[in-house]
Each structure stands twice: as structure tokens, then as C-alpha cells.
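Encoded as C-alpha cells, the structure appears first; notes follow it.
These numbers come from the heavy atoms of this one structure, side chains and all, not from hydrogens, waters or symmetry mates. Order of the sequence lines sets the chain letters (A, B, ...), proteins ahead of strands, with each chain counted from 1.
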2 protein chains.
Amino acid sequence: MPTRRTLKEVAAELGVSTATISNAFNRPDQLSAKLREQILKQCQQLGYHGPNLAARSLRRGESDVIAVVLADSLSYNFSDPVANQFLQGVADVLVKHEKQLLLLTSLGESQHQSSAESLPDGIIFYGAPAGQSFERILRTGKPALAVDFEQDQVGSVNIDNFDAAKMAAEHLFSQSVKALAIMGLRLKDSEQVENFEQDSLPLKSGEISCRRLAGYLQAAKECDYNIPHQRIWHIPFNKPELAEQAVKQALTADPRPDGLLCMSDVIALAAIRVARQQGLRVPEDIKIVGFDDIPEASRSNPALTSVCQQSRQKGQLAATRLLNKELEGETLMPTKLVIRESSRG
Amino acid sequence: MPTRRTLKEVAAELGVSTATISNAFNRPDQLSAKLREQILKQCQQLGYHGPNLAARSLRRGESDVIAVVLADSLSYNFSDPVANQFLQGVADVLVKHEKQLLLLTSLGESQHQSSAESLPDGIIFYGAPAGQSFERILRTGKPALAVDFEQDQVGSVNIDNFDAAKMAAEHLFSQSVKALAIMGLRLKDSEQVENFEQDSLPLKSGEISCRRLAGYLQAAKECDYNIPHQRIWHIPFNKPELAEQAVKQALTADPRPDGLLCMSDVIALAAIRVARQQGLRVPEDIKIVGFDDIPEASRSNPALTSVCQQSRQKGQLAATRLLNKELEGETLMPTKLVIRESSRG
DNA sequence: TTGAAAGCGCTACCAA
DNA sequence: TTGGTAGCGCTTTCAA
């Protein structure tokens with residue numbers, strides 16, 4: 001039966017040395033074009049399709065594999081539109097460079113986890129990793145880049161979440177919103193939708209949410225507007241169902257919010273749906289601003305005003321920097337407010 | 001500087017044999033719990049975080065990596081909601097079994113490609129692969145499974161696309177639709193949105209579209225309804241922009257369609273948007289049926305009637321079968337028509 | 001319970 | 001231009 005062939009076997013069958021075959025695959029300049037051609041064809045026929053990755057990688061010390069370490073579960077990332085755009089960007093670049101993509105998560109610290117980390121030639125951390133993953137990998141000295149979180153041991157690609165959020169809030173204030181609510185993402189550790197009730201900025205928050213909240217609050221402050229904690233909501237995951245639940249709660253507040261600052265478009269789109277279900281007109285009765293500018297934001301009805309953060313380009317940039325070994329320093333990508341007020345109904 | 005440690009180094013430093021360390025990581029029963037505990041801790045301190053994957057995998061002949069080979073580009077798959085749900089399902093299962101996920105594409109037949117194929121312990125083909133990928137991997141005898149395409153050399157997970165499409169079409173006919181159009185996905189090789197103008201069923205089509213088209217046409221036939229080729233559209237990729245473009249063209253036909261059979265929800269949702277932009281009421285003026293039942297289908301306004309194909313479960317099942325080595329036979333997953341007529345505006 | 005050693009498949013050095 | 005060969009880091013058999 002056709003089983004896995006080895007270079008050695010094939011070399012024996014063809015009556016040449018293993019080195020020659022290896023060269024045929026890896027170093028065209030080391031042998032005549034004619035011989036190479038002939039060898040490749042014969043390998044094909046013998047069912048040898050190129051070197052075994054494990055062996056090759058063990059020997060060479062590199063694998064042509066790049067890993068993205070996701071802060072959340074794999075499944076969650078496949079369901080999140082922002083993560084998907086980011087991964088699209090990463091994939092755009094990896095494919096061009098003939099690198100393979102290994103998807104890892106920093107959750108569930110098993111030994112398999114850390115073994116897997118030894119394979120890739122470079123690593124992109126997407127979101128602040130749980131557990132020891134980050135420290136472990138840094139200590140190996142592998143090329144690594146941080147995306148969407150701040151820390152100083154390694155280069156990073158990020159946006160200015162504070163400024164971007166401030167910009168979103170200012171937009172709302174400029175439209176004379178009276179009763180604001182903030183639909184926050186991951187403001188604390190709880191897995192429940194609930195009010196944000198701490199007195200200070202949260203400790204256990206993902207960097208991103210922290211910065212965005214601070215941006216919102218700063219804008220409010222500059223307008224002498226106070227946002228009490230009862231009008232700030234914590235949504236544990238960026239999922240439509242949770243967002244709808246939170247928005248429903250938020251809309252029962254008195255006075256009912258006429259402006260909603262949403263930390264993601266998934267939340268903002270949920271807000272639009274809930275508002276309309278309740279007979280509210282958007283934006284006449286309630287103004288909603290999102291964050292991310294995911295593709296669905298422009299397709300929604302009414303279309304969503306949101307902070308565009310170019311997630312795909314972020315992925316492209318991160319992958320490019322990693323492959324080019326531009327590992328130092330923080331790149332802050334620009335954001336802009338995309339204002340879409342017109343209804344298309 | 002902290003560089004990559006090897007088991008051998010660590011063994012020397014700790015004054016034990018390499019086998020003992022290896023056992024500490026891989027076979028707890030081969031040494032005393034106390035010694036193991038101690039060794040693991042010391043390794044930790046010395047910066048040895050477990051065996052190198054390449055070496056381990058070379059030696060053991062398995063890697064604990066599972067690959068999904070995507071028929072289209074990586075980027076495209078990250079953008080496609082159906083693919084994302086499928087990958088979620090795969091990830092659900094892999095994580096539980098502590099397997100890692102390598103994402104490969106059958107496009108771009110480079111040598112790196114086939115090298116990468118040598119690493120995984122098992123492979124899921126998602127959609128009929130381009131190039132030689134499929135044959136190559138089958139010849140290695142690795143566990144493999146086909147998803148969403150038909151072929152007889154390997155087990156598969158699929159749905160009955162013919163039946164499902166027929167069901168969708170019958171639903172439309174039961175509502176006395178008079179002027180039907182079919183918004184087809186990948187009915188031919190062209191990368192343009194255009195009419196499907198061949199006389200016979202297409203040759204170069206992905207299996208899926210073929211079967212769905214046949215299902216639509218069968219339902220039509222049973223109603224003595226003829227669908228001319230000018231009312232069948234080919235959309236080359238499952239993207240909202242292309243779908244909108246196709247729908248705009250379709251709606252200029254005379255008589256204007258009052259029923260649209262869409263081969264995906266992405267297309268159907270685009271159809272709803274375009275129809276409403278043109279002042280048509282859905283479903284009063286035009287009835288639209290999708291395919292897939294992606295999450296967005298239930299959130300849209302009006303909500304979309306669609307064929308549910310449980311993509312996530314499909315991924316779970318495929319991964320489970322692969323890991324359990326249930327590699328024979330075709331699993332046909334059930335589909336059902338999800339009827340959502342009420343508008344929530 | 002621990003240690004010594006072979007060898008997984010390959011690449012790259014060096015010699016011919 | 002080609003061939004011989006050491007050794008990448010690990011696991012596992014066998015012997016102690």
C-alpha cells in the first residue's frame with residue numbers, strides 16, 4: 001500500500017544520494033536543471049511529495065509556520081467578526097510568503113499547548129494572553145508581536161483606544177444627547193451581563209476596554225457630563241445574544257437613554273435591533289455609536305455610525321512586521337469615525 | 001540570554017537521564033510522583049517548557065496537530081460565515097482533545113504546501129480541494145475526511161443538497177410565486193457575476209451548487225414550471241458585494257422576479273437589502289429563501305427564511321469522526337427549512 | 001525506578 | 001556537480 005515515503009528510500013531507488021534529492025527540493029542551484037527536473041518527476045511517480053515537515057524543521061531550526069495565539073477560545077474567535085477580519089489580514093500576508101498558519105489559544109495550559117508553541121518561527125499574540133503563554137514564548141527568544149494589548153517587552157500593533165472612544169463619545173455629545181448609557185465589553189471578570197459598579201477603573205479588565213471606557217469618560221468630563229456607574233454595562237463576550245440582553249436592561253433605565261456608546265459593532269447592531277423592536281426610531285429617538293466598523297455595520301438598516309479600526313490591515317501589518325523581523329516599537333494604526341446617518345429602508 | 005532549552009541540557013543540569021525527564025512529561029507512571037513533581041518544577045525554573053514539537057513528532061510519528069484543508073483561500077474562509085461556523089465546530093472538538101489546528105489551503109501548490117501536509121495526524125478537507133492535495137494526502141494513508149463534497153475514496157460528512165434545495169423551492173412555489181429567479185453560487189468557472197447560460201448542468205462546478213441547482217429545478221419541474229437560463233445567475237464568490245450586484249441585475253428582468261431562490265444566506269440577505277432599497281416589500285412583493293441559516297439570517301429585518309444546515313455541528317461531527325478514526329462511509333446531516341416570515345421593524 | 005543508546009527524516013557541511 | 005555523514009531533540013526499548 002502507498003505509505004509515506006522517505007527521502008532515503010527514494011534516493012536508494014533512484015540510485016542517487018540523499019543529498020541530491022534534498023538539493024533538488026531545496027537548492028536548485030546545487031545541481032543541474034536537467035537532473036533536478038528528472039528527480040522531481042521521479043519522486044512524484046514514486047509518491048514522494050517533498051520533505052517531512054517535522055524532520056525538516058528539526059534539522060533546519062525553522063518550520064515556515066507562523067502561529068497566532070488567541071486570547072480567547074478558538075471557537076469564539078471564529079465567531080467574532082473583528083477577529084475574523086484580523087485573521088484575514090494575517091492570512092493575506094502569510095499566503096504571499098508561503099507560510100502556514102497555526103492557530104493556538106492561550107487558554108487551557110496543557111503541555112500540548114507549550115509543545116505546539118515550539119514549532120512556529122514567529123508568533124502573533126492577538127489580545128492579552130491568559131496564563132503563562134506570553135512569558136514562556138518570550139523566553140525562547142522567538143520573534144513575537146503583540147496586537148491589541150499593551151506591554152513593553154515586545155513590539156506591538158494597536159490603535160489608540162482612548163482617543164478613538166473619545167471621538168465616538170464627542171460625536172454623540174455634539175448631537176445633544178441627554179441621557180447616555182455605555183454598553184461596555186469586558187469591563188470586569190464576571191461572565192454575567194451586569195452593571196459596572198466599581199468606583200475606580202477596573203483592575204481585571206482587558207486593556208482595550210479600559211482605554212475605551214476612559215476615552216468615553218474623558219469626553220463626558222470635558223462636557224461636564226456625569227455618567228453614573230448604573231448607566232455603564234458590562235457585557236462579558238462580544239455576542240449578539242448577550243448584547244441584546246444588556247441593551248434591553250439598559251433601555252429600562254429612567255430616564256431612558258437617548259444615546260448609546262457601544263464598545264463594539266456587534267453590541268451596537270444589537271442595540272439597533274432592540275431599539276426598533278421597542279418602537280424607538282434610530283437615530284431620532286436614540287443615537288447609537290459602535291466601535292470596529294465591521295462589514296455588517298454598513299449593511300445594517302439604519303447603517304451604523306462607528307469607529308473604523310481597520311482590523312484587516314492590522315492583521316496584514318502585524319504579519320508583515322513579523323516576517324520582516326521588524327519587532328521593535330509600537331505601531332498605532334489610525335482610527336476614524338465613520339458617520340452613517342441615513343436610513344435606507 | 002534565555003534561549004531554547006533542550007531536554008538533554010536540562011537532564012545534564014539536573015543530573016538525571018534524558019529518559020527520566022521525557023517520562024516526567026509523557027508517562028507519569030514510569031517514575032515516582034514525587035520525583036516527577038520535582039523534575040517538572042525544576043524544568044520550569046530552568047526554562048524548559050516541554051518537548052520540542054518537531055523532534056517529538058519526528059520520533060513518535062504523530063504531532064497532535066489536525067489540519068483543515070480549505071478549498072478556497074484562507075482569507076476568504078475567514079470572511080465566510082458558513083466556513084466560520086464549520087471551523088467553530090471543528091475547534092470545539094479539537095480543543096477538547098488537546099489537538100492543535102493547522103489551517104491549510106489547497107490553492108497555490110507549492111512545495112511548502114505539501115511539506116505542511118506531512119505534519120498533521122489527520123486531515124479534514126472542507127470543500128473539494130484544488131490541485132493534487134487530495135490525492136497526495138490519500139496516498140500517504142493518513143486519516144482523512146471529506147466535508148461538503150462527494151467522492152468515494154474517503155469518508156465524508158455532507159448534507160443532501162438536492163433535497164434541501166428542493167425543499168426551499170417547494171416552499172416558494174407553495175406561495176404561488178409567479179416569476180422566479182435563482183441566485184446561484186459558483187455555477188461555473190467565471191469570476192464574473194453573470195447569467196448561467198449553459199444547456200446542461202455545469203461541468204466545472206463545485207458539487208454543492210450542482211446539487212442545489214438540480215434540487216431547485218426538480219421542484220420547478222414537478223410544478224410544471226420552467227426556469228429559463230436567463231433567470232439563473234452565477235455569483236462567483238459568497239460575498240455581499242457580488243451578491244448585491246447580481247440581485248440588482250436580476251431585478252431588472254421582465255417580468256420582475258417575485259421570488260428568489262438564493263444558494264446562500266449571504267446572497268439572500270443581500271437580496272433583501274437590494275429589494276428594500278428599490279422600494280419592494282419583502283415578502284409581499286418578493287419572496288426570498290436563503291440557504292445555510294447563518295446567525296445573521298435570524299437577526300435580519302425581515303428575518304430570513306432559509307435552509308438550516310447546522311454548519312457548526314457539521315464541524316463537530318467531522319472532527320469527532322476523524323479523532324475516533326471513524327473514517328468510513330458518508331454521514332448525511334439533516335437539513336430543515338426555517339420559516340421566518342414576520343417582520344420586526 | 002532509572003540510564004544508555006538507537007534512530008525518527010532530513011539538511012548542510014565537507015570531500016571527492 | 002554529486003555523495004557520505006553528523007546530528008537536529010526527542011522517545012522508547014532494553015538492561016541495570
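Between A:L53 atom CG and C:dG9 atom C1' there is a gap of 11 Å when expressed in whole angstrom units. Straight-line distance from the CG atom of A:L119 to the P atom of D:dC10: 13 Å, rounded to whole Å. Rounded to whole Å, the distance from CG on B:D29 to P on C:dT1 is 9 Å. B:R56 has its CZ atom 12 Å from the C1' atom of D:dG9, to the nearest Å. Distance A:L58 CG to D:dG9 C1': 5 Å, rounded to the nearest Å.
A donor and an acceptor atom, one from each side chain of B:T20 and B:S17, are located under 3.5 Å apart.
Here the CD-CG distance, from B:E150 to B:N161, works out to 8.0 Å after rounding to the nearest 0.5 Å.
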Next item on the list: Just do the side chain to side chain contact (heavy atoms under 4.5 Å, CB included) check on B:L103 and B:V69 with the steps written out, would you?
Entry: CA-CA 6 Å; B:L103 250 25; B:V69 175; over 6 Å; no
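Projected onto DNA chain C by closest heavy-atom contact, B:R60 and B:S32 fall at different nucleotides, the more 5' of which corresponds to B:S32. Toward the 5′ end of DNA chain D lies the nearest nucleotide of A:T18, the other residue of the pair A:T18 and B:F25 mapping further downstream.
In the set C:dA12, D:dC10, D:dT12, the nucleotide with an atom closest to the side chain of B:L7 is D:dC10. Here the nucleotide nearest the side chain of A:N52, chosen from C:dG9, D:dG9, D:dG3, is C:dG9. If you check D:dG9, D:dG3, C:dA12 against the side chain of A:S17, the one that comes closest is D:dG3. Comparing C:dT2, C:dA4, D:dT11 by their nearest atom to the side chain of B:L31 picks out C:dT2. Nearest nucleotide to the A:A19 side chain, out of C:dT11, D:dT11, D:dG4: D:dG4. The side chain of B:R59 sits closest to D:dG9 out of C:dA12, D:dG9, C:dC10.
Under 4.0 angstrom from either OP1 or OP2 of D:dG9 there lies no side-chain N or O belonging to B:T6. Close to D:dG3, at under 4.0 Å from its OP1 or OP2, lies a side-chain N or O of A:T20.
Across all strands shown, B:S57 has no heavy atoms under 4.0 Å from either base or sugar-phosphate atoms. Contact annotation for B:Y48: backbone-only contact, meaning every heavy-atom pair under 4.0 Å involves sugar-phosphate atoms and none involves a base. Across all strands shown, B:N26 has heavy atoms under 4.0 Å from sugar-phosphate atoms exclusively, and none from any base.
Atom CD of B:Q30 sits in a crowded spot, with more than 12 heavy atoms from other residues, nucleotides or ligands closer than 6.0 Å.
Each of B:V157, B:D148, B:I124 was checked for a side chain to side chain contact (heavy atoms under 4.5 Å, CB included) with B:F86, and the lone residue meeting it is B:I124.
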